[in-house]
Protein chains: 2
Amino acid sequence: MSNAKPLPLLDSTADGVVPCCPPLNERPITAEEAETAARMFKALGDPVRLRLFSAVAAHEGGEACVCDISDVGVSQPTVSHHLKKLKEAGLLTSERRGTWVYYRVEPSVLAAMGRLLTTTAPTARAAAV
Amino acid sequence: MSNAKPLPLLDSTADGVVPCCPPLNERPITAEEAETAARMFKALGDPVRLRLFSAVAAHEGGEACVCDISDVGVSQPTVSHHLKKLKEAGLLTSERRGTWVYYRVEPSVLAAMGRLLTTTAPTARAAAV
DNA sequence: TGCGTATTTCGACATTCGTCGATGTGCTGT
DNA sequence: ACAGCACATCGACGAATGTCGAAATACGCA
């Protein structure tokens with residue numbers, strides 16, 4: 001039905017992808033930035049989704065079909081539901097290849113989230129910890 | 001009343017803190033690890049909490065009293081509620097100093113989350129992308 | 001001691017979320 | 001054409017979440 005809903009969390013401005021936000025400790029993020037970033041964190045804020053995401057990310061070739069990662073202790077519809085959520089959050093992309101559907105991680109989004117959590121030049125005092 | 005509920009997300013084994021988990025793409029994380037890590041991501045999965053966390057992290061000296069960061073568009077009890085959630089998740093610590101309560105980020109937890117999102121040596125085939 | 005300010009706790013409420021079984025859709029092979 | 005497998009969608013349900021106003025607690029100060 002084509003409701004793919006890419007929902008680009010990173011404003012794909014021109015060059016492709018954009019880091020969304022500076023590190024969290026660099027300056028207080030705005031309400032708008034928070035809305036965007038929170039959606040990414042929320043997507044990883046469920047144990048089942050986190051396992052599915054990790055399973056895809058760690059799978060050989062950086063991609064995996066649903067059948068390869070369905071063993072997470074919940075029903076098949078639930079797996080499908082979570083994969084959809086991850087896709088809507090922009091963390092995964094999917095592609096049908098014959099009978100199977102393959103998911104792979106969106107590397108730029110992963111990098112953007114990592115950057116958010118990067119501790120940049122501390123306020124000097126932080127180093128004393 | 002003392003129900004501080006530290007809830008150490010990082011198993012403070014011996015040396016103080018422990019990275020909780022390897023990068024998500026290194027190997028599929030276990031159900032147990034996912035439970036722990038998801039709690040951290042979930043804590044940042046709300047826009048208001050993310051703004052509060054960022055406000056504390058970016059504040060001068062790495063700490064801030066509630067009054068300094070309460071301007072996020074929700075009521076003051078709600079701010080307190082979210083700060084409590086962040087504290088329970090191990091992302092923030094609090095300390096009362098006179099009239100005010102100061103919050104500061106737990107740097108090791110931030111680092112642990114960053115490590116989770118770090119893209120380590122791809123499975124070799126991933127480089128072909 | 002008593003007042004005012006700062007922060008937390010306490011219900012209460014509507015909304016969202018995770019889960020399931022049943023059903024639908026897409027593709028393959030016979 | 002049809003049966004079978006892989007995956008997605010639908011509808012329903014209880015549980016968790018975010019929010020608020022009201023009240024409680026903690027401190028500093030007059």
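Lettering of chains follows the sequences in order, A, B, ..., and the numbering in each one begins at 1. Keep in mind that the numbers below use all heavy atoms, side chains included, and drop hydrogens, waters and symmetry copies.
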### Message
Any base atoms under 4.0 Å from A/Y102, or only sugar-phosphate, or nothing? Heavy atoms, all strands.
### Response
nothing
### Of all pairs that satisfy disulfide bond (SG atoms under 2.5 Å apart), the ones with a partner from residues 26-91 of chain A, not counting sequence neighbours
A/C65-A/C67
### Message
When you measure from the side chain of A/T118 to the backbone of A/G114, do you find a donor-acceptor pair of N or O atoms at a distance under 3.5 Å?
### Response
yes
### Task
Figure out the CG/C1' separation between B/D71 and C/dA6, and round it to whole Å.
16 Å
### Query
How would nucleotides 16-22 of chain C be written as a contact map, 5' to 3', with B for base contact, S for sugar-phosphate-only contact and - for no contact, using protein heavy atoms under 4.0 Å?
-SSBBBB
### Query
What integer distance in Å separates B/R97:CZ from C/dA6:C1'?
15 Å
### Query
Tell me: OH of B/Y103 to P of C/dA6, nearest whole Å?
16 Å
### Message
In this structure, how many angstroms lie between the C1' atom of D/dT19 and the CG atom of B/L83, rounded?
### Response
15 Å
Kindly list each side-chain donor-acceptor pair under 3.5 angstrom involving residues 49-56 of chain B, sequence neighbours excluded, with atom names and distances?
unit_1: B/R49; atom_1: NE; unit_2: B/A43; atom_2: O; d: 2.7
unit_1: B/R49; atom_1: NH1; unit_2: B/H82; atom_2: ND1; d: 3.2
unit_1: B/R49; atom_1: NH2; unit_2: B/K42; atom_2: O; d: 3.3
unit_1: B/S54; atom_1: OG; unit_2: A/L24; atom_2: O; d: 2.8
unit_1: B/S54; atom_1: OG; unit_2: A/R27; atom_2: O; d: 3.2
unit_1: B/S54; atom_1: OG; unit_2: A/I29; atom_2: N; d: 3.0

### Exam field: side chain A/R96 to backbone A/G98, donor-acceptor pair closer than 3.5 Å
yes
### Query
When you check the phosphate oxygens OP1 and OP2 of C/dT8, does a side-chain N or O of B/S80 lie under 4.0 Å from one of them?
yes
### Summary
Correct closest heavy-atom pair for A/A64 and A/I69 would be CB-CG2, 4.0 Å
### Query
In whole angstroms, how far is the P atom of D/dC5 from the CZ atom of A/R96?
16 Å
#### Entry: A/E35 (side chain) donor-acceptor with A/E32 (main chain) under 3.5 angstrom
no
